Every structure is written in structure tokens, then in C-alpha cells.
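Below, each value reflects all heavy atoms present in this structure, side chains not excepted, and no hydrogens, waters or symmetry copies. Positions are given from 1 along the sequence. Note that this is a predicted model, so its numbers are computed, not measured.
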Amino acid sequence: MNIDDVNRITVGAKFVGDIATRHDIRIDGTFEGRLYSEAHVVIGAKGVIKGEVYAKSTDVYGTITEGNIYVKDVLSLKPGCSAKGNMFFQRVQVELDAKLIGQCQIVNEEVFNKVSAPVRAFLK
């Protein structure tokens, strides 16, 4: 993958709606809606999410104000992040000073594929 394959919502930008991508995506601005990535999602330190995220893997440095996060593989909550919502993952890494308010549940790939199907359908 090269740098041109990374999607990005930059600081100061706000996106409202649904996004589906086969590539990595980085959120440094504000995102409201449903986000599906077949690759990696990074929520940067200034990034704010309100909605649902479905991804192969996710790093959270910023803020999730509400919503469900579904991760097929590894969810990583970084120092200083604030996540409010329910987290579903196969594996999780919670670093010191990460804040999490919500429920956590381990799910397998079959469950992930079922819950992400409506947003994943946008890629067809």
C-alpha cells in the first residue's frame, strides 16, 4: 500500500454520513455516522467519532463520544484517549491513561461479518 491509499478526514473537517473503504483511514477531524474499513482505522488525538466503526483493526488516540466499535482483530486504546460506547473485538490492548466507559465483548469473525454487512454492502 502507498500513501495515496490512505483516506483522511483532517483537523477542522466534519463529515456526516456513511463511509466504506477497502483502505486505511485516519480521522483527525469530526466524523458522525457509520464507518467501515477492510483495513486499519486510526482516530487521531484530535479526532472525534460519534457513531459506529467497523474495521479490521483500530487505534484510538482521540475521542469516541458515543457508538459501537466493532473490530475484527485488534482494538488498541492509546494513552489519553476517551471512548464512550460498546467495544466488540477479537483482541484488545488498553494502555495506561486510556479512558473507557461502556461494555467490552470478544466477538469472532462470523459475528463481525454479520453486524458489518449493511455498511460493507456500500463497497459492492
Side-chain angles (χ1 to χ4, degrees):
M1 178 177 5
N2 67 47
I3 191 71
D4 293 333
D5 292 337
V6 177
N7 301 283
R8 189 165 186 163
I9 297 174
T10 61
V11 174
K14 180 177 182 178
F15 183 93
V16 178
D18 297 331
I19 294 178
T21 181
R22 298 189 195 291
H23 302 288
D24 293 353
I25 185 165
R26 181 177 177 100
I27 309 295
D28 290 304
T30 301
F31 176 84
E32 294 181 16
R34 295 183 301 174
L35 168 63
Y36 173 83
S37 171
E38 289 184 348
H40 189 71
V41 171
V42 175
I43 302 166
K46 295 186 178 182
V48 177
I49 300 282
K50 180 180 179 181
E52 296 183 351
V53 175
Y54 307 87
K56 180 179 179 185
S57 60
T58 302
D59 291 340
V60 181
Y61 294 88
T63 303
I64 300 169
T65 61
E66 66 180 76
N68 295 323
I69 308 300
Y70 295 90
V71 181
K72 186 186 276 190
D73 192 15
V74 179
L75 169 64
S76 184
L77 301 175
K78 303 297 186 178
C81 80
S82 176
K84 183 178 180 183
N86 298 315
M87 311 289 155
F88 303 89
F89 45 78
Q90 197 159 57
R91 298 182 296 164
V92 66
Q93 177 184 15
V94 180
E95 296 188 28
L96 191 62
D97 294 328
K99 295 172 187 71
L100 171 62
I101 299 171
Q103 297 181 0
C104 294
Q105 183 177 342
I106 295 173
V107 296
N108 61 27
E109 190 171 342
E110 181 181 336
V111 171
F112 175 86
N113 289 337
K114 182 178 179 180
V115 298
S116 66
V119 182
R120 189 175 66 244
F122 293 131
L123 290 175
K124 295 181 180 185

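The main-chain N or O of Y54 is never found under 3.5 Å from a side-chain atom of R120 such that the two would form a donor-acceptor pair. Using modelled atom types, one side-chain atom of T65 and one backbone atom of I49 make a donor-acceptor pair closer than 3.5 Å. With hydrogens and angles ignored, the 3.5 Å screen pairs no side-chain donor or acceptor of R26 with any backbone N or O of V6. No donor-acceptor distance shorter than 3.5 angstrom exists from the side chain of D73 to the backbone of S57, with no hydrogens or angles considered.
Here CD1 of I69 is found 8.5 Å from CG of L35. Values are rounded to the nearest 0.5 Å. To the nearest 0.5 Å, the span separating NE2 on H40 from NE2 on H23 amounts to 15.5 Å. Distance CD1/I27 to OG1/T10: 10.0 Å, rounded to 0.5 Å. Separation of atoms CZ (R91) and CG (L75) is listed at 11.5 Å; rounding is to 0.5 Å. For the atom pair CD of Q90 and CG of N108, the computed distance is 7.0 Å after rounding to the nearest 0.5 Å. For the atom pair OG of S116 and NZ of K56, the computed distance is 13.5 Å after rounding to the nearest 0.5 Å.
Partner of I25 under the side-chain contact (heavy atoms from CB on, under 4.5 Å) criterion, out of V42, N7, I43: N7 alone.
Between Y70 and F88, the ring planes are parallel. Angles under 30° get that label, and only those over 60° would be called perpendicular.
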Next item on the list: Begin from the C-alpha positions of S76 and K78 and carry the test side-chain hydrogen bond (donor to acceptor under 3.5 Å, both in side chains) through to its verdict.
Entry: CA-CA 6 Å; S76 184; K78 303 297 186 178; 3.1 Å; yes

Notebook entry, point to check: After noting the C-alpha distance and the side-chain angles of F15 and T30, does the key distance pass the side-chain contact (heavy atoms from CB on, under 4.5 Å) rule?
Noted result: CA-CA 6 Å; F15 183 93; T30 301; over 6 Å; no

Next item on the list: Before giving the answer on side-chain contact (heavy atoms from CB on, under 4.5 Å), spell out for M87 and L100 the whole-Å C-alpha distance, their side-chain angles and the decisive distance to 0.1 Å.
Entry: CA-CA 9 Å; M87 311 289 155; L100 171 62; 3.8 Å; yes

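L96 and V94 are assigned to two separate hydrophobic clusters, defined by single-linkage of ILVMFWY side chains at heavy-atom distances under 4.5 Å. Under the 4.5 Å side-chain heavy-atom criterion for grouping Ile, Leu, Val, Met, Phe, Trp and Tyr, F89 is not connected to V107 through any hydrophobic cluster. The hydrophobic clustering, which links ILVMFWY residues whose side-chain heavy atoms are closer than 4.5 Å, places V48 and I64 apart. Put simply, I101 and Y61 are part of two different groups of oily side chains (I, L, V, M, F, W, Y) that touch within less than 4.5 Å, one to the next. In the hydrophobic clustering of ILVMFWY residues, with side-chain heavy atoms under 4.5 Å counting as a link, V115 and Y36 come out together.
The pair D18-R34 meets the salt-bridge criterion, since a charged nitrogen lies less than 4.0 angstrom from a carboxylate oxygen. Between E32 and K14 there is a salt bridge, since a side-chain N of the basic residue sits under 4.0 Å from a carboxylate O of the acidic one. With respect to the salt-bridge test (charged N to carboxylate O, under 4.0 angstrom), the residues K72 and E109 qualify.
Across all their heavy atoms, V119 and A20 have their closest contact at O-CB, 3.7 Å.
Qualifying salt bridge (charged side-chain N to carboxylate O under 4.0 Å, His left out) partners for R8, counting only residues two or more places apart in sequence or in other chains: D28.
A 4.5 Å side-chain heavy-atom check between I19 and F31 finds at least one atom pair inside the cut-off. With a 4.5 Å cut-off on side-chain heavy atoms, L123 and R22 count as touching.
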